[in-house]
Each structure stands twice: as C-alpha cells, then as structure tokens.
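Let me begin by presenting the structure, written as structure tokens, before commenting on it.
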Amino acid sequence: MDSMENLIRCIAIDDEPLALEVIRKFCDRIGGIELTVFSDPAAGLAAIREEKPAIVFLDIEMENINGLAIASQIPQECCFIFTTAYLDYAMKGFELDAVDYLHKPFAFDRFRTAFNKALRRLGEQSHRQAEQRRILVKQEYNTVSIPLDDIIYIEAMEGYVKIFRENEVCTVSRVILKNIGSQLPEPEFLRIHRSFIVARSKISSFNKKEVILRDGRRPPIGRLYSQEVTGKLGGV
C-alpha cells in the first residue's frame, strides 16, 4: 500500500509472545496491515477504545482475565477474531458476534480466511453507514435520496427549499428549512441565516457578512446568527 492511511489497522492481544509473533508474521505475509500487539490485556483494551482499529485478534485464556470479558467491551464498529487453544469457548465467542474463531496452532491459510471474513464484514458495515448518511426529500411526485456528502448548501424560498449539490445539481422540495435541518448532523451542517444552511466541509473562508464556499458562492450570514457562526467557524 502506498500510504499509512490505506493500511488496515489491527490490534492483537495475547499473553504469549510467541502467539503474537505468529500473528505478526501472518499479517506481514498478507500485507497492507498496521499491527500493534499487546501482551497486557488492559493496555490492549485501552488502545482499542482509543484507536478503534478495524480488526482485533484476541486470545481468550489469559492470566488474570478472560478474553470474553474484553470482547464484550470492544467498540461495535471493530471486528474481532478469537485466537485460542481452547475449543470450549467457541459457542460463547460467536454469541458475542466474533467474526471467526481460530484454534491454536492455526496455519496461515486458516488465518487468511478469517482475515478475509473480517474484511467482508467491514465492507458490509461501511455500506450500511453510507446508506444511513442520506436524507430523503420529496421532489414533485418523487422521493429523492441525497447523500449528505453531496450537499453544498440549502436555501429556503417561499414554501420550499433549494438543495444545491455537487456537479451543479439542484433539488427543489416543498418543505420548510427547519424540517430539513432536523435531518442533518449538527457538527457537519451550520445554520448561518434564517434562509441558509451550509455544509461546513464546503466552506473555504468567511467574514462577518458571508461565508465563501469552495465553489465560489457566497451565502450571507444573518445578523442574528453572526456571533454563533463566528464562534463555530473559528477554525475554518
């Protein structure tokens, strides 16, 4: 992979150094993986919570702690694969929604199969998240699905709104601006005027009177919104 940003971030937790070394070697063989290993389960869990890796490799029988207890605390967006010498926990592991269960000692092909299963699940999660990042609006007799990332700004007119989108697309809907605004995540979209909502990611700069969008358009900042907008856009 060309960039660290494209690497798949993984964490492995196991109190046996040799087991961690096997996982490291297998990850190196697959390639494109940024792996961090922990022999201290508490430190590993803290790192998982902070870094939210894509995939976690987790031993079950470790000194002072059971890996099942760690699995129950892993963030929902992380996939995890159990790596253990004990088959007795297999059913419990799948109840916790483990992607797979690798019985030690496992071969590289079996490890790669589990890893690919995790990638498929991550792809499904990404697709669901993309589908959720949309708003639905009525345009005449049709329902239009608009990705949030596609929206540049929204302007309220008399009894309807214009949604200005990428590639010079404009969707017109008979709805009030307040109702559209309630569907938009507040950190990403900002009401700057009683008639305008803008996507923060599309803002190039601003002054006391207007915001300058990356496409050159300049929606005005309302007098009543000026102080709040200036405060929220201080880092733009």
Side-chain angles (χ1 to χ4, degrees), residues 1 3 5-10 32 48-56 74-80 97 99 116-206 210-222 225 228-229 231-236:
M1 298 233 178
S3 167
E5 293 182 359
N6 294 325
L7 296 178
I8 300 167
R9 295 170 63 195
C10 301
I48 291 168
R49 287 171 168 167
E50 181 178 350
E51 299 174 19
K52 294 183 174 59
I55 303 171
V56 175
I74 290 176
Q76 190 173 4
E77 60 267 34
C78 301
C79 292
F80 63 94
D97 203 25
V99 171
N116 287 337
K117 286 173 68 175
L119 290 185
R120 286 195 296 272
R121 180 177 293 188
L122 290 168
E124 292 166 0
Q125 291 176 353
S126 177
H127 178 73
R128 285 196 297 269
Q129 289 168 359
E131 287 298 310
Q132 291 167 359
R133 287 184 53 79
R134 293 173 175 268
I135 60 171
L136 299 177
V137 299
K138 286 285 187 180
Q139 182 171 252
E140 296 181 345
Y141 299 105
N142 299 315
T143 298
V144 181
S145 175
I146 303 176
L148 296 185
D149 293 340
D150 201 34
I151 299 172
I152 301 173
Y153 74 98
I154 304 170
E155 180 180 2
M157 310 296 284
E158 189 66 35
Y160 60 92
V161 298
K162 287 184 175 180
I163 304 172
F164 294 89
R165 303 164 55 186
E166 296 286 357
N167 300 316
E168 300 184 0
V169 175
C170 181
T171 300
V172 179
S173 180
R174 285 198 168 276
V175 63
I176 63 174
L177 192 64
K178 181 180 179 181
N179 289 350
I180 286 287
S182 67
Q183 299 184 59
L184 301 171
E186 189 173 336
E188 298 175 47
F189 291 87
L190 182 62
R191 183 86 173 258
I192 64 168
H193 187 282
R194 66 189 184 95
S195 299
F196 289 92
I197 294 175
V198 298
R200 293 186 63 165
S201 64
K202 305 301 194 298
I203 297 174
S204 176
S205 61
F206 73 101
E210 61 189 4
V211 297
I212 296 90
L213 300 176
R214 299 189 190 281
D215 65 1
R217 283 180 277 198
R218 297 170 174 255
I221 297 175
Y225 294 83
E228 180 182 0
V229 170
K232 290 183 176 179
L233 293 182
V236 172

Distance-only donor-acceptor hits, side chain of residues 160-171, under 3.5 Å, sequence neighbours excluded:
unit_1	atom_1	unit_2	atom_2	d
R165	NE	D150	OD2	2.8
R165	NH1	T171	OG1	2.9
R165	NH2	D150	OD2	3.0

Show every donor-acceptor pair shorter than 3.5 Å between a side-chain atom in residues 212-220 and any protein atom, with sequence neighbours excluded, or say none if there are none.
unit_1	atom_1	unit_2	atom_2	d
R214	NE	S201	O	2.9
R214	NH2	I203	O	3.3
D215	OD1	R217	N	3.0
D215	OD2	R217	NE	2.8
D215	OD2	R217	NH2	2.6
R218	NH1	E210	OE2	2.6

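Under the 3.5 Å distance criterion, the side-chain polar atoms of Q139 are matched with a main-chain donor or acceptor of V172. K202 places a side-chain N or O within donor-acceptor distance of the main-chain N or O of D149, the cut-off being under 3.5 Å.
Atom CG of D97 sits about 6.5 Å away from atom CZ of F80, to the nearest 0.5 Å. Between atom CD1 of residue I48 and atom CZ of residue R9 there is a gap of 11.5 Å, rounded to the nearest 0.5 Å. Rounding to the nearest 0.5 Å gives a distance of 9.0 Å between NZ of K52 and CD of E50. From E51, atom CD reaches atom SG of C78 across 10.0 Å, with rounding to the nearest 0.5 Å. Atom-to-atom distance recorded for E158:CD and S195:OG is 10.0 Å, nearest 0.5 angstrom. Here the CZ-CG distance, from F189 to L148, works out to 5.0 Å after rounding to the nearest 0.5 Å.
For R174, the side-chain hydrogen bond (donor to acceptor under 3.5 Å, both in side chains) test picks out no residue, with sequence neighbours left out. For K138, the side-chain hydrogen bond (donor to acceptor under 3.5 Å, both in side chains) test picks out T143, with sequence neighbours left out. N179 pairs by the side-chain hydrogen bond (donor to acceptor under 3.5 Å, both in side chains) definition with nothing, not counting sequence neighbours. E228 is linked by a side-chain hydrogen bond (donor to acceptor under 3.5 Å, both in side chains) to K232, counting only residues two or more places apart in sequence or in another chain.
Nearest heavy atom pair, residue R200 against residue P187, reads CD-O, 3.0 Å. The two residues C79 and A118 have their closest heavy-atom pair at SG-O, 3.9 Å. The minimum heavy-atom distance between Y225 and I192, with the atom names listed, is CB-O, 3.4 Å.
A 4.5 Å side-chain heavy-atom check between I151 and I135 finds at least one atom pair inside the cut-off. A heavy-atom distance below 4.5 Å is not found between the side chains of I55 and V99. Between R191 and L177, some side-chain heavy-atom pair lies under the 4.5 Å cut-off.
Other residues, nucleotides and ligands contribute over 12 non-hydrogen atoms within 6.0 Å of the CD atom of Q183.
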